[in-house]
A.B. asks: 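Sharing a structure with you now.
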Amino acid sequence: VATLGLGYYDAKDEHSDRSVLLSALYYFDSPFILEVGARFNRSNPGSVDATRYFGAINWGQVKNRFITLKYESGAEGYQLMAPQIAMVDFDSDEITFVWREWVNDDYGFNVRLQHYSNPFYDRDGVELSLFLDF
């Protein structure tokens with residue numbers, strides 16, 4: 001499955017982003033799904049180009065469980081740190097692990113672990129959530 005996406009983001013600070021997403025998804029005969037892709041972004045002011053690449057592998061079945069591991073790396077155009085202070089044109093890496101478990105056919109829970117790093121700081125996160133499947 002191929003994907004083409006277009007995006008536009010008008011931030012509350014002075015910048016805006018326009019992006020193109022290209023990705024390819026392959027469903028194996030076994031319960032594995034592989035996705036690779038890239039996002040090409042232009043931020044303004046300054047015409048800052050930033051390209052990010054990602055890959056993800058997913059194991060599981062609907063109404064049972066999914067385990068997903070995703071890695072993303074590349075450039076970012078802008079990140080607001082404080083009023084009037086923004087990081088511009090820098091590299092970052094992000095790894096995400098998601099465990100989605102159905103308790104029954106109608107609902108379940110998610111556990112998400114994430115690590116993000118750039119030259120200025122690192123961030124780790126844990127997210128626990130419930131979902132309703134209808």
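Values reported hereafter were calculated over all heavy atoms of this structure, with side chains retained and with hydrogens, waters and symmetry mates removed.
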A.B. asks: Roughly how far, to the nearest 0.5 Å, is the OG atom of S73 from the CG atom of D91?
C.D. replies: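 One gets 7.0 Å once the value is rounded to the nearest 0.5 Å.
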A.B. asks: How far does OH of Y8 sit from CG of D17, to the nearest 0.5 angstrom?
C.D. replies: 9.0 Å
A.B. asks: Are F109 and V103 side-chain neighbours, meaning at least one heavy-atom pair lies under 4.5 Å?
C.D. replies: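 SC-SC contact between F109 and V103 confirmed.
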A.B. asks: Do D10 and S16 meet the criterion of a side-chain donor-acceptor pair at a distance under 3.5 Å?
C.D. replies: no
A.B. asks: In Å and rounded to the nearest 0.5 Å, what is the OH to CZ distance from Y71 to F54?
C.D. replies: 14.0 Å
A.B. asks: Do you know which two heavy atoms are closest between R100 and F131, and how far apart they sit?
C.D. replies: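 Residues R100 and F131, closest heavy atoms: CG-CE2, 3.5 Å.
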A.B. asks: Counting distance only, does the side-chain N/O of K63 pair as donor-acceptor with the main-chain N or O of D105 below 3.5 Å?
C.D. replies: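 Side chain of K63 to backbone of D105, a donor-acceptor pair under 3.5 Å: yes, one is there.
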A.B. asks: Between atom CG of L113 and atom CD of E127, what is the distance when rounded to the nearest 0.5 Å?
C.D. replies: 10.0 Å
A.B. asks: Please name all residues satisfying side chain to side chain contact (heavy atoms under 4.5 Å, CB included) with Y116, sequence neighbours left out, ordered by chain then number.
C.D. replies: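 By the side chain to side chain contact (heavy atoms under 4.5 Å, CB included) rule, Y116 matches E76, Q79, F90, S92, E94, N118, Y121, R123.
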A.B. asks: What are the two closest heavy atoms between G77 and V48, and how far apart are they?
C.D. replies: CA-CG1, 3.8 Å
A.B. asks: Side-chain atoms of residues 19-36: list all donor-acceptor pairs with protein atoms under 3.5 Å, sequence neighbours left out, distances to 0.1 Å.
C.D. replies:
| residue | atom | partner | partner atom | Å |
| --- | --- | --- | --- | --- |
| S23 | OG | E35 | OE2 | 3.3 |

A.B. asks: Can you see which heavy atom on Q114 is nearest to which on T96, and at what distance?
C.D. replies: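 That would be NE2-OG1, 3.5 Å.
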A.B. asks: Using 0.5 Å steps for rounding, measure from the CD atom of E72 to the CD1 atom of I95.
C.D. replies: 11.5 Å
A.B. asks: Do the ring planes of F40 and Y53 sit parallel (below 30°), tilted (30 to 60°) or perpendicular (above 60°)?
C.D. replies: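 Perpendicular: the ring planes of F40 and Y53 meet at over 60°.
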A.B. asks: Out of curiosity, N41 CG to R18 CZ, how far, rounded to the nearest 0.5 Å?
C.D. replies: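 Output value for this atom pair is 10.5 Å.
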A.B. asks: At their closest point, which heavy atom of Q61 faces which heavy atom of W102, and how far apart are they?
C.D. replies: O-CZ3, 4.0 Å
A.B. asks: Quick one, L69 and W59 - any side-chain contact, counting heavy atoms below 4.5 Å?
C.D. replies: no
